[in-house]
Number of protein chains: 2
Amino acid sequence: MVAKTKPVKRTRDLEKTRKEILSVAFNEVFRRSFQGVSIDDIVKKTQLTKGALFHQFPTKLDLGYALVDEVIQPMILERWIDPIEAFENPVDGILHQIEELIGKADPRYLRYGCPLNNLMQEMAPVDAGFRDRLQSALRLWISGVEVQLRRGKREGQIKKEVHPKDAAHFIVMAHEGLYGILKGLDDPSAFKSMYRPLKTYLRTLEN
Amino acid sequence: MVAKTKPVKRTRDLEKTRKEILSVAFNEVFRRSFQGVSIDDIVKKTQLTKGALFHQFPTKLDLGYALVDEVIQPMILERWIDPIEAFENPVDGILHQIEELIGKADPRYLRYGCPLNNLMQEMAPVDAGFRDRLQSALRLWISGVEVQLRRGKREGQIKKEVHPKDAAHFIVMAHEGLYGILKGLDDPSAFKSMYRPLKTYLRTLEN
DNA sequence: TTGACAACATACCAATTGGTACGTAACGTA
DNA sequence: TACGTTACGTACCAATTGGTATGTTGTCAA
């Protein structure tokens with residue numbers, strides 16, 4: 001017998017329950033992919049029931065969309081864009097964040113890859129709603145990096161010849177590539193192998 | 001009424017049938033992911049029935065494993081490793097293949113990403129059998145590039161200071177990153193944005 | 001205090017899932 | 001040409017899927 005601790009929910013807070021569902025759904029989808037997770041799986045890991053979930057999200061797809069808009073997109077800003085502003089030299093910021101968030105990350109966590117990349121590779125060709133939302137999240141990331149590089153140019157940290165748009169695309173590409181290879185490889189030394197050439201490249205952008 | 005052209009199969013050729021199933025399964029999985037495709041979906045697109053499929057592949061997972069071993073792995077060799085040998089300078093070969101197979105590829109095809117990367121991002125954390133096979137396919141790719149870079153060093157095309165293992169990791173990472181971003185972005189100019197910096201980096205490896 | 005509405009819980013459902021049991025017939029061998 | 005093997009076809013199945021219809025009860029305005 002499994003301990004059934006379901007009817008404990010007494011308080012009724014729409015936003016709080018929404019966040020609880022999104023939190024559980026994010027973790028499950030992060031670990032087992034969107035199509036690999038069922039609504040029942042998510043409900044089981046919650047203190048709620050199916051009724052609560054479908055009250056907030058009319059369909060499973062709507063839940064997936066909310067995952068992109070309300071969890072993943074803010075996470076990109078918080079982890080990869082905003083922290084860079086604190087660095088005088090954006091390249092320093094980018095390298096620092098990669099070291100902190102990927103290099104020093106728990107391998108058990110890294111095995112699940114990048115939340116954005118996971119959903120993008122799985123759902124972009126399958127569903128247009130996902131495609132649009134994942135696309136704008138990705139564009140947000142790229143343009144955020146581009147803005148930081150422009151600032152670096154303006155303030156003299158980055159070379160005049162650098163093409164911010166190209167470099168931003170390449171940098172985000174490297175992030176997703178890093179996550180992807182580390183996910184598939186299960187090799188602790190792989191990060192350094194990829195980080196060294198990436199660092200070399202990024203340093204060529206500096207004055 | 002849908003035209004039912006099922007009982008046309010008269011010849012009995014185990015290997016031929018296997019290849020037909022693998023071919024259909026590869027295309028379906030490539031377009032809609034492994035978990036997004038059902039056995040019935042695959043059977044429908046075949047001239048065969050469920051009995052034939054389960055005669056060859058005891059489970060759906062076995063079919064997926066065969067996809068990695070018998071379709072994707074040979075494809076990596078054929079597209080990304082073997083062609084490079086024809087070039088005196090491996091960097092020329094790598095750039096040429098990227099231009100041909102990604103730069104000049106039909107956007108409608110690119111939207112489905114990289115077959116290896118797709119399965120890796122989706123199935124590596126979910127199933128150990130997938131993880132092992134995808135890992136060896138990825139290692140094959142990386143070590144194949146590494147071998148070519150070593151040859152380039154030996155024959156004087158590549159700088160002495162280049163670390164072949166690091167560079168090989170970085171190059172394959174860039175491939176998967178390229179595929180991944182192009183899949184999510186749906187922007188024709190994105191390839192050039194990423195290709196230019198990648199080319200710049202690769203040229204720094206040359207003498 | 002009360003009533004009404006919204007935030008949940010419960011009990012269901014048709015369709016789809018991977019898989020199986022068993023039948024049939026094409027093929028090599030004797 | 002008879003025969004056994006096995007490559008396939010057919011008909012089914014229990015479990016799971018996303019989703020719904022209908023309760024029940026917390027919460028807040030009046």
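Order of the sequence lines sets the chain letters (A, B, ...), proteins ahead of strands, with each chain counted from 1.
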Is there a donor in the side chain of A:Arg131 and an acceptor in the side chain of A:Gln135, or the other way round, less than 3.5 Å apart? no
Are a donor atom and an acceptor atom from the side chains of B:Glu122 and B:Asn118 found within less than 3.5 Å of each other? no
With sequence neighbours excluded, residues passing salt bridge (charged side-chain N to carboxylate O under 4.0 Å, His left out) with B:Asp92: B:Arg203
Rounded to whole Å, how long is the line connecting atom [atom1] of [X] with atom [atom2] of [N]?
{"X": "A:Leu53", "N": "C:dA7", "atom1": "CG", "atom2": "P", "answer": "14 Å"}
{"X": "B:Ile21", "N": "D:dA7", "atom1": "CD1", "atom2": "P", "answer": "12 Å"}
{"X": "A:Phe57", "N": "C:dC8", "atom1": "CZ", "atom2": "C1'", "answer": "14 Å"}
{"X": "A:Asp13", "N": "D:dT25", "atom1": "CG", "atom2": "C1'", "answer": "16 Å"}
{"X": "B:Arg12", "N": "D:dA7", "atom1": "CZ", "atom2": "P", "answer": "7 Å"}
{"X": "B:Glu20", "N": "D:dA7", "atom1": "CD", "atom2": "C1'", "answer": "13 Å"}

Do the side-chain N or O atoms of [X] get closer than 4.0 angstrom to the phosphate oxygens (OP1, OP2) of [N]?
{"X": "A:His55", "N": "C:dC8", "answer": "no"}
{"X": "B:Thr17", "N": "D:dC8", "answer": "yes"}
{"X": "B:Gln47", "N": "D:dC8", "answer": "no"}

Selection: residues 125-132 of chain A, any non-hydrogen atom under 4.0 Å of DNA chain D: none
Of the listed nucleotides (C:dA7, D:dC8, C:dA9), which one gets closest to any side-chain atom of A:Leu14? C:dA7
Looking only at side-chain atoms of B:Thr49, point me to the closest of C:dA9, D:dT25, D:dC8. D:dC8
Protein-proximity profile, nucleotides 16-23 of chain C, B/S/- by nucleotide at the 4.0 Å heavy-atom cutoff, equals -BBBB---
Ring pair (Phe, Tyr, Trp, His ring centres under 6.0 Å) between A:Phe57 and A:Tyr65, worked out: CA-CA 10 Å; A:Phe57 307 100; A:Tyr65 298 164; over 10 Å; no
Residue pairs passing the salt bridge (charged side-chain N to carboxylate O under 4.0 Å, His left out) test where at least one lies in residues 58-77 of chain A, sequence neighbours excluded: A:Arg18-A:Glu70, A:Asp69-A:Arg133
My understanding is that only residues two or more places apart in sequence, or in another chain, count here; which of them pass ring-ring contact (aromatic ring centres under 6.0 Å, His included) with A:Tyr179? none
With sequence neighbours excluded, what pairs up with B:Phe191 under the ring-ring contact (aromatic ring centres under 6.0 Å, His included) test? B:Tyr195
Does the pair B:Trp141 and B:His175 meet the rule for a side chain to side chain contact (heavy atoms under 4.5 Å, CB included), with working shown? CA-CA 11 Å; B:Trp141 190 349; B:His175 279 77; 3.7 Å; yes
Look at the side chain of B:Thr46 and the backbone N and O of B:Leu48, then say whether any donor-acceptor pair between them is shorter than 3.5 Å. no
